[in-house]
Undergrad: 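The structure follows.
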Amino acid sequence: MNKLYITNSLSRQKEEFQPLNPPYVGMYVCGPTVSGESHLGHARPYVTFDVLYRWLMHLGYKVRYVRNITDAGHFEEEGREAEDKVGKKAKLEQLEPMELVQKYTNLYHDMMDELNCLRPSIEPTATGHIVEQIDMIQEIMHKGLAYVSNGSVYFDVIQYAKNNDYGRLSGRVLDEMISGSRDLDGQDEKRHSADFALWKNAPPEHIQRWNSPWGEGFPGWHIECSAMATKYLGAQFDIHGGGMDLQFPHHESEIAQSKTASGKEPVKYWMHNNMITINGRKMGKSYNNTITLRELFFGNHPELKQAFHPMVVRFFILQTQYRGTLDFSNEALMAAEKGFERLINTLASLHNLHHPGAITQGSQDQEFKNLSNALVEQMNDDLNTAQVIATLFELASRFNALKNLQTPWSVISEDIFNQTKSTFTFFINDILALKPSTLAAGDDNALDQTIQILIELRKEAKAKKDYATSDAIRNKLINAGIQLKDEKDGTVSWNKQ
RNA sequence: GGUCGGAUGGCCGAGUGGCUAGGCAGAGCUCUGCAAAAGCUCGUACAGCGGUUCGAAUCCGCUUCCGACCUCCA
């Protein structure tokens, strides 16, 4: 498979990826609502689409990656107590909305850095695009698919559905949604329960409010993504990503808005990552079962037996293909940690492993080549990072065997070795983007030189068969967090525990 | 209630008709002064019941259980 295939939620099938305007690719991913701290569940889409972003660039595409920051309050509009999340929290904490939003935005950025996610090309904020949102709402009104009610503006889903397939993305049938909808207690300003807000009139106590042709208010839940995606990627773009829980109503409504405004199908490929579960249930605010990324990284949570390094978390996420659910547990994370360390240790030792030369044809050259090729095919097959990692482990075993002289060098030619080594390194460093979690030898020159002195002393003791001294040096270093390893070739390496 | 998706060895997770991923844990072996690391070998799993087929974890039907969405949610 030389071409990239991705599962398009629109067709529910794997489709060959063909950009609208190669080599350019426009990719929009729904970002966080910065009214609270990012939790483990949030990490999944950002890691997933970070890998996609990296892979697309590797394939030679020029990618504009847009990921929004939702800093305008979304609200429980059908609940009795409609409320602005950002506004409410701000009052509780006695903070300015902007201050609160800034705090959580900063935290979010820090966590993304920890997870080694590349920053997007553009990171637009909802509050920074009120004008664009109002413009789009007016365009929709001109098209006759929105109406004003008590200072709010609603999208007329019934009217839209007469000429469009509302429900195509999420596999819903409008009639069933109508019959299955709940009693709304007559508080409804909407003509129909399926309609959704484009603009909401702001009650007096609402902190975030902007002037609009319909009075003071704030934008509806879905309009920001339509407006900002259109602004930065055009009326039609290639990829729109996000969590599966956003498929309906958020993305379905986004399509309706954008399509109404521009007359065009906005997105060619919709991609949705599955949820992270905990004890079999989706991790989410409404379930009160979230573990924030900070808690995870520091081990500050009753559910956690220990802290987990961000790279372990990234590895854990990538061990599953993005469309499957991923169940959190301490045991699963700890297993991931062990595996991750093995892979990273191999990578580190590979850096200093060189082919002895003089072998132009190895008995297993073909196998090494097949494994390298498999990595590419597995990425192209809907980003199957689970298989990629499995293949990397197979390569790791082979490299370790070569390093420890458990396999003769005759199995591999110099060329193939160098190629495979570079592919292996590239996939870990640049595609999966996993960084060593521990300080490798050499990163700290002073420490390394200090330890080299101790290694020398121990070597002298060993030469005199003074094992009491040599073992004492090693054991004391272990207590200090430094592990010495006697390598097969007589050298001694070390790493931090 | 409606719509959709799952059920894989002790655990996590790949795999859409035959070639029985991978990781973690476990057992054994090799290497080693001892460690650590590493390599090799082993366990032969696919919710249940039927069916299609020469052959099914993989296709079809039924049953049981679980989850997601339908309301803010990555």
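In the text below, chain A, chain B and the rest are named by the order of the sequence lines, each starting its count at 1. Keep in mind it's a predicted model, so treat the numbers as computed, not measured.
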Undergrad: Less than 4.0 angstrom between a side-chain N/O of A/Arg342 and OP1 or OP2 of B/G39, yes or no?
TA: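 Yes.
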
Undergrad: Please state how far atom CZ in A/Phe399 lies from atom P in B/A37, giving the value in whole angstrom units.
TA: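 After rounding, the reported distance stands at 22 Å.
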
Undergrad: Could you give the distance separating B/A35 and B/C31 at their P atoms, to the nearest angstrom?
TA: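 Here B/C31 and B/A35 have their P atoms 13 Å from each other.
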
Undergrad: Where are the stems of RNA chain B, defined as at least 3 consecutive Watson-Crick or wobble G-U pairs with both distances under 3.5 Å?
TA: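 Listed by first number, the stems are B:1-7 with B:64-70, B:10-12 with B:22-24, B:26-30 with B:38-42, B:47-51 with B:59-63.
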
Undergrad: Assign A/Gln247 to base, sugar-phosphate, or nothing according to its heavy-atom contacts below 4.0 angstrom with the strands shown.
TA: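 No contact.
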
Undergrad: On the side chain of A/Arg474, is there an atom forming a donor-acceptor pair with the base of B/A35 - under 3.5 Å, no angle test?
TA: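 Yes.
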
Undergrad: Whole angstrom is fine here: how far is it from CZ in A/Phe248 over to P in B/U71?
TA: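 Going from CZ in A/Phe248 over to P in B/U71 covers 7 Å.
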
Undergrad: 5'-most contact on RNA chain B: A/Ala390 or A/Ala396, nearest heavy atom basis?
TA: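 Here A/Ala390 is the residue nearer the 5' end.
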
Undergrad: Determine the Euclidean distance between corresponding C1' atoms of B/C34 and B/C24; express it in Å to zero decimal places.
TA: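 It works out to 27 Å between them.
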
Undergrad: Within this structure, what is the CD-to-C1' distance between A/Gln364 and B/C40, rounded to whole angstrom?
TA: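 Between C1' of B/C40 and CD of A/Gln364: 13 Å.
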
Undergrad: In whole Å, what is the span from the NE2 atom of A/His250 to the P atom of B/U71?
TA: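 These atoms are roughly 15 Å apart.
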
Undergrad: B/C59 and B/G15: how far apart are their P atoms, nearest whole angstrom?
TA: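 Looking at atom P only, B/C59 and B/G15 are 13 Å apart.
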
Undergrad: Could you tell me how the ring of A/His272 sits relative to the ring of A/Trp270: parallel (under 30°), tilted (30 to 60°) or perpendicular (over 60°)?
TA: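 A/His272 and A/Trp270: parallel rings.
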
Undergrad: Hey, does the Lys NZ or Arg CZ of A/Arg342 hover above the aromatic six-ring of A/Phe393, less than 6.0 Å from the centre and inside 45° of the axis?
TA: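 A/Arg342 over A/Phe393 ring: no.
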
Undergrad: Could you check A/Asn404 against A/Lys462 and say which one's nearest nucleotide on RNA chain B is further toward the 5' end?
TA: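 The answer here is A/Lys462.
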
Undergrad: With hydrogens left out and only the distance checked, is there a donor-acceptor pair under 3.5 Å joining A/Asp471's side chain and the base of B/G33?
TA: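 In this structure, the two groups form a donor-acceptor pair.
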
Undergrad: Is it the case that the side chain of A/Asp195 and the backbone of A/Lys190 share a donor-acceptor pair, with hydrogens and angles ignored and the cut-off at 3.5 Å?
TA: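 No, the answer is negative, given that no donor and acceptor are paired below the 3.5 Å cut-off.
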
Undergrad: Any sub-3.5 Å donor-acceptor pair from A/Asn164's side-chain atoms to A/Tyr166's backbone N or O?
TA: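 Answer holds: no.
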
Undergrad: Please measure how far the P atom in B/G10 lies from the corresponding atom in B/G51, and state the result in whole Å.
TA: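 It works out to 28 Å between them.
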
Undergrad: A/Phe368 ring centre to A/Arg398 NZ or CZ under 6.0 Å, with the angle to the axis within 45°?
TA: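 Yes - A/Arg398 lies over the ring of A/Phe368, closer than 6.0 Å to its centre and within 45° of its axis.
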
Undergrad: Are more than 12 heavy atoms, taken from residues, nucleotides or ligands other than A/Arg294, located less than 6.0 Å from that residue's CZ atom?
TA: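 It does not: A/Arg294 CZ has 12 such atoms or fewer within range.
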
Undergrad: To the nearest Å, how far apart are A/Asp50 CG and B/A74 C1'?
TA: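 After rounding, the gap between these two atoms is 15 Å.
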
Undergrad: Over all strands shown, is A/Leu484 touching base, sugar-phosphate only, or nothing at heavy-atom distances under 4.0 angstrom?
TA: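 Since a base atom lies under 4.0 Å of A/Leu484, the category is base.
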
Undergrad: Could you tell me whether the phosphate oxygens of B/A25, OP1 or OP2, come under 4.0 Å of any side-chain nitrogen or oxygen in A/Lys338?
TA: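 Answer yes for this pair, as a side-chain N or O of A/Lys338 is under 4.0 Å from OP1 or OP2.
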
Undergrad: Between A/Arg119 and A/Asp113 (salt bridge meaning N to carboxylate O under 4.0 Å), is one present in this structure?
TA: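 Salt bridge between A/Arg119 and A/Asp113, a charged N being under 4.0 Å from a carboxylate O: yes.
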
Undergrad: When all nucleic acid strands are considered with a 4.0 Å heavy-atom cut-off, which category describes A/His39: base, sugar-phosphate, or nothing?
TA: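 A/His39: base contact, heavy atoms under 4.0 Å.
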
Undergrad: For B/G9 and B/G26, measure between their C1' atoms and round to the nearest Å.
TA: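 Per the computed distance, 13 Å lies between those C1' atoms.
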
Undergrad: Across the strands shown, which category fits A/Met244 at heavy-atom distances under 4.0 angstrom: base, sugar-phosphate, nothing?
TA: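 If one applies the 4.0 Å heavy-atom cut-off, A/Met244 turns out to touch nothing in the nucleic acid.
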
Undergrad: A quick test of your reading: do over 12 heavy atoms of other residues, nucleotides or ligands sit less than 6.0 Å from NE2 of A/His351?
TA: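 Not more than 12 within 6.0 Å, no.
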
Undergrad: For A/Phe399 and A/Phe424, I'd like to know if the aromatic rings sit close, meaning centre-to-centre distance below 6.0 Å.
TA: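 Centroid separation for A/Phe399 and A/Phe424: below 6.0 Å.
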
Undergrad: So does A/Lys282 get a side-chain nitrogen or oxygen closer than 4.0 Å to the phosphate oxygens (OP1/OP2) of B/C69?
TA: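 Answer is yes, contact under 4.0 Å.
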
Undergrad: Is A/Ser397 touching bases, backbone alone, or none of the nucleic acid, heavy atoms closer than 4.0 Å?
TA: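 Sugar-phosphate, no base atom in range.
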
Undergrad: Base, sugar-phosphate alone, or nothing: which one does A/Arg168 contact when heavy atoms must sit under 4.0 Å apart?
TA: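 The answer is nothing, as A/Arg168 stays clear of every strand by at least 4.0 Å.
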
Undergrad: For the side chain of A/Phe393, counting heavy atoms from C-beta on, which of B/G23, B/A38, B/A68 is nearest?
TA: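 Looking only at side-chain atoms, A/Phe393 lies closest to B/G23.
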
Undergrad: How is A/Gly41 classified with respect to the nucleic acid when contacts are heavy atoms under 4.0 Å: base, sugar-phosphate, or nothing?
TA: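 Touches a base.
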
Undergrad: Determine the interatomic distance between C1' on B/C12 and the same-named atom on B/A25; round to the nearest Å.
TA: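 B/C12 and B/A25 have their C1' atoms separated by 11 Å.
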
Undergrad: Using ring centroids (six-membered ring only for Trp), state whether A/Tyr46 and A/Tyr53 fall under 6.0 Å.
TA: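 Ring-ring flag for A/Tyr53/A/Tyr46: false, centres at least 6.0 Å apart.
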
Undergrad: Between B/C46 and B/A68, how far apart are the two P atoms, rounded to whole Å?
TA: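 So the two P atoms sit 27 Å from each other.
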
Undergrad: When you compare B/G61 with B/G22, how far apart are their P atoms, in angstrom units rounded to a whole number?
TA: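 To the nearest whole Å, 33 Å.
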
Undergrad: Is the aromatic ring centre of A/Tyr467 closer than 5.5 Å to the centre of the six-membered base ring of B/G33, with the two planes inclined by less than 30°?
TA: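 Stacking is present between B/G33 and A/Tyr467, given that their ring centres fall under 5.5 Å apart and the planes under 30°.
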
Undergrad: Roughly, in whole Å, what's the span from CD1 in A/Ile473 to P in B/A35?
TA: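 Answer to the nearest Å: 19 Å.
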
Undergrad: Classify the side chain of A/Asp486 versus the base of B/C34 as yes if they form a donor-acceptor pair under 3.5 Å and no if they do not.
TA: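 Counting by modelled atom types and ignoring angles, a donor-acceptor contact under 3.5 Å is found here.
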
Undergrad: When you measure from the side chain of A/Asp381 to the backbone of A/Glu377, do you find a donor-acceptor pair of N or O atoms at a distance under 3.5 Å?
TA: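 No; judged by distance alone, with no hydrogens or angles, the pair does not exist.
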
Undergrad: Between atom CZ in A/Phe196 and atom C1' in B/U71, what is the gap in whole Å?
TA: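 Atom-to-atom, A/Phe196 to B/U71, this comes out as 15 Å.
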
Undergrad: Could you tell me the separation between the CE atom of A/Met334 and the C1' atom of B/G26, rounded to a whole number of Å?
TA: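 Taking atom C1' of B/G26 as the reference, CE of A/Met334 is at 16 Å.
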
Undergrad: Are the aromatic rings of A/His222 and A/Phe196 close, with centres under 6.0 Å apart?
TA: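 Aromatic pair counts; centres sit under 6.0 Å.
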
Undergrad: Across nucleotides 8-20 of chain B, 5' to 3', mark each nucleotide with B, S or - according to how protein heavy atoms within less than 4.0 Å reach it.
TA: ----SSSS-----

